[in-house]
A.B. asks: 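Take this structure first; my questions come after.
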There are 2 protein chains.
Amino acid sequence: MTPTTPTPTAEENWLRLDRQICFSLQAASRAFNGVYRVVLKDLGLTYPQYLVMLVLWEQGALPVKKLGEHLRLDSGTLSPLLKRLEAAGLVRRERSARDERSVEVRPTEEGAALRERALQVPRRIAAATGFDLDEIRDLRERLDQLTGALDSAALDETPGCS
Amino acid sequence: MTPTTPTPTAEENWLRLDRQICFSLQAASRAFNGVYRVVLKDLGLTYPQYLVMLVLWEQGALPVKKLGEHLRLDSGTLSPLLKRLEAAGLVRRERSARDERSVEVRPTEEGAALRERALQVPRRIAAATGFDLDEIRDLRERLDQLTGALDSAALDETPGCS
DNA sequence: GGCCATTTAGTTGTACGCAATTGAATTGTG
DNA sequence: CACAATTCAATTGCGTACAACTAAATGGCC
């Protein structure tokens, strides 16, 4: 059939782009990002900023460290992001009195008020997926399971764990 | 139970971080990224660079435009990435003779040789997921379906489509 | 109290991802 | 041939991600 392509080994088949689940994953993640970009434009938020506000709406106020644990982000990402949210008047940052190392982040009045307008966001996003609630839940559970497996595998693989 | 929290409306429940499939998706994507970072360090590639090389190993050579279509990336992302791959000696970029606007990207000898060492990557990644082949395929199909739905929804939602 | 390991944010540097713009090359149309 | 519209890569600007580093603050230990 294709003399230039000798029968590919099983290993070579695995290198095909359309076999890479990580690629499908990233494509889906970016597709979500695109929809969020449109939906969140009204609120003046990027998608990561929206995630930060979600946590703050749930928790009221919490230190940068805790915020990073919830979102799996480190201070290198959060520090500039939070500065932009502060510049936009949506959050306030203040050193904790108990522990001067820690910085408490809390929504301002304006930031809290934004929640009202955000209530419609999940419905619009869910509609865009074309999935019903059970499918979404099922997919989410698989993904979380996948993340858990990858995280523990990363610990094993990490070279510098002497 | 919790008098400070009046019964949340259905809509408010949807704002909970742990309900956001996009978050699970992004977390999984970044977890993959972390595993790839470890596995690809030997090859001197980042994960997006690895994806580019996957396409080039499959296709041999192709213009930036086609590369971007395969990977869903635009020139703003690819141009600097390809420059780094060229600086690393893995690809060559040359203006197409037929169409001077187009730039053909092709693996160098060294880039093609790298494929040998990459053959082991998918197996190591697959092992890290803890999923078997059927589960991976099933998840990949769902994700691709999701991406398709989100892409067409984005077209509908885009404000500037007069 | 003095000392040191740890914790916490912030900063710097590198690398995407994407919108918007630029500029060169090509194509379609008269 | 002339000219407008289109195509293509590159560039610019902004916003994440994340590793590595810095510096301030804390807590345990003697």
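In what follows, chains are A, B, ... by sequence order, proteins preceding strands, each numbered from 1.
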A.B. asks: Which comes earlier along DNA chain C counting from the 5' end, the contact point of A:Leu82 or that of A:Gln26, where each point is its nearest nucleotide?
C.D. replies: A:Leu82

A.B. asks: Kindly write out the residues that satisfy side-chain hydrogen bond (donor to acceptor under 3.5 Å, both in side chains) with B:Arg84, not counting sequence neighbours, or none if the list is empty.
C.D. replies: none

A.B. asks: Would you name the heavy atoms of B:Ile136 and B:Ala126 that are closest together and state the gap between them?
C.D. replies: CD1-CB, 4.4 Å

A.B. asks: So, using salt bridge (Lys or Arg N to Asp or Glu O under 4.0 Å) as the criterion, who are the partners of B:Lys83 when residues are at least two apart?
C.D. replies: none

A.B. asks: Can you tell me how far apart CG (B:Leu146) and CD (A:Glu135) are? Round to the nearest 0.5 Å.
C.D. replies: 10.0 Å

A.B. asks: How many Å lie between CG on A:Leu73 and P on D:dT16, as a whole number?
C.D. replies: 10 Å

A.B. asks: For B:Leu81, report the nucleic acid contact type (base, sugar-phosphate, nothing); a contact means any heavy atom under 4.0 Å.
C.D. replies: sugar-phosphate

A.B. asks: Return the OG1 to CD distance between B:Thr147 and B:Gln145, rounded to the nearest 0.5 Å.
C.D. replies: 10.0 Å

A.B. asks: Got a sec? Which of residues 83-93 of chain A come in under 4.0 Å of DNA chain D, heavy atoms?
C.D. replies: A:Arg84

A.B. asks: Categorize B:Pro63 for me: base, sugar-phosphate, or nothing, with a 4.0 angstrom heavy-atom threshold over every strand shown.
C.D. replies: sugar-phosphate

A.B. asks: Could I get a table of every N or O pair under 3.5 Å where one atom is in the protein and the other is in nucleotides 19-21 of chain D?
C.D. replies:
| residue | atom | partner | partner atom | Å |
| --- | --- | --- | --- | --- |
| D:dA19 | OP1 | B:Arg37 | NH1 | 3.3 |

A.B. asks: Among all residues two or more places apart in sequence or in another chain, which pass the salt bridge (Lys or Arg N to Asp or Glu O under 4.0 Å) test with B:Glu110?
C.D. replies: none

A.B. asks: Check every nucleotide of DNA chain C for an atom under 4.0 Å from a heavy-atom of chain A, then give the first and the last such nucleotide from 5' to 3'.
C.D. replies: C:dT7 to C:dA19

A.B. asks: Assign each of A:Glu69 and A:Pro80 to its nearest nucleotide of DNA chain C by heavy atoms, then name whichever residue's nucleotide is nearer the 5' end.
C.D. replies: A:Glu69

A.B. asks: Linking I/L/V/M/F/W/Y whenever their side-chain heavy atoms sit closer than 4.5 Å, directly or via other members, would B:Trp14 and A:Leu119 fall into one cluster?
C.D. replies: no

A.B. asks: State whether B:Arg95 and B:Glu104 are salt-bridged, where the test is any N-O pair (Lys NZ or Arg NE/NH1/NH2 against Asp/Glu carboxylate O) under 4.0 Å.
C.D. replies: no

A.B. asks: Between A:Arg140 and B:Asp18, does any side-chain N to carboxylate O distance fall below 4.0 Å?
C.D. replies: no

A.B. asks: Can you list, pair by pair, the side-chain donor-acceptor contacts under 3.5 Å of residues 47-58 of chain B, counting residues two or more places apart and other chains?
C.D. replies:
| residue | atom | partner | partner atom | Å |
| --- | --- | --- | --- | --- |
| B:Tyr47 | OH | A:Cys22 | O | 3.4 |
| B:Tyr47 | OH | A:Phe23 | N | 3.4 |
| B:Gln49 | OE1 | B:Thr46 | N | 3.1 |
| B:Trp57 | NE1 | B:Gly111 | O | 2.9 |
| B:Glu58 | OE2 | A:Leu17 | N | 2.7 |

A.B. asks: Has B:Arg30 got a side-chain N or O lying under 4.0 Å from the OP1 or OP2 atom of D:dC18?
C.D. replies: yes

A.B. asks: Does anything in residues 43-53 of chain A reach DNA chain D, meaning a heavy atom under 4.0 Å, and if so which residues?
C.D. replies: A:Thr46, A:Pro48, A:Gln49

A.B. asks: CZ/B:Arg124 to CD/B:Gln120 distance, rounded to the nearest 0.5 angstrom?
C.D. replies: 5.5 Å

A.B. asks: Supply the atom-to-atom distance A:Leu139 CG to B:Leu143 CG, rounded to the nearest 0.5 angstrom.
C.D. replies: 5.5 Å

A.B. asks: Please tabulate the protein-to-nucleotide N/O contacts below 3.5 Å involving nucleotides 25-29 of chain D, giving atom names and distances.
C.D. replies:
| residue | atom | partner | partner atom | Å |
| --- | --- | --- | --- | --- |
| D:dT26 | OP1 | A:Glu100 | N | 3.1 |

A.B. asks: Roughly how many Å is it from CG in A:Asn33 to P in D:dC14, rounded to a whole number?
C.D. replies: 19 Å

A.B. asks: With B:Arg92, which residues qualify under salt bridge (Lys or Arg N to Asp or Glu O under 4.0 Å), at least two apart?
C.D. replies: none

A.B. asks: In chain order, what residues pass the side-chain hydrogen bond (donor to acceptor under 3.5 Å, both in side chains) check against B:Arg93, with sequence neighbours excluded?
C.D. replies: B:Glu86

A.B. asks: Before you tell me yes or no, could you show the steps for B:Val105 and B:Leu78 under side-chain contact (heavy atoms from CB on, under 4.5 Å), namely the whole-Å CA-CA distance, both residues' side-chain angles and the distance that decides it to 0.1 Å?
C.D. replies: CA-CA 11 Å; B:Val105 184; B:Leu78 285 176; over 6 Å; no

A.B. asks: May I have the list of side-chain donor-acceptor pairs in residues 24-38 of chain B shorter than 3.5 Å, sequence neighbours left out?
C.D. replies:
| residue | atom | partner | partner atom | Å |
| --- | --- | --- | --- | --- |
| B:Ser24 | OG | A:Asp144 | OD1 | 2.9 |
| B:Arg30 | NH1 | A:Arg72 | O | 2.8 |
| B:Arg30 | NH2 | A:Leu71 | O | 3.2 |

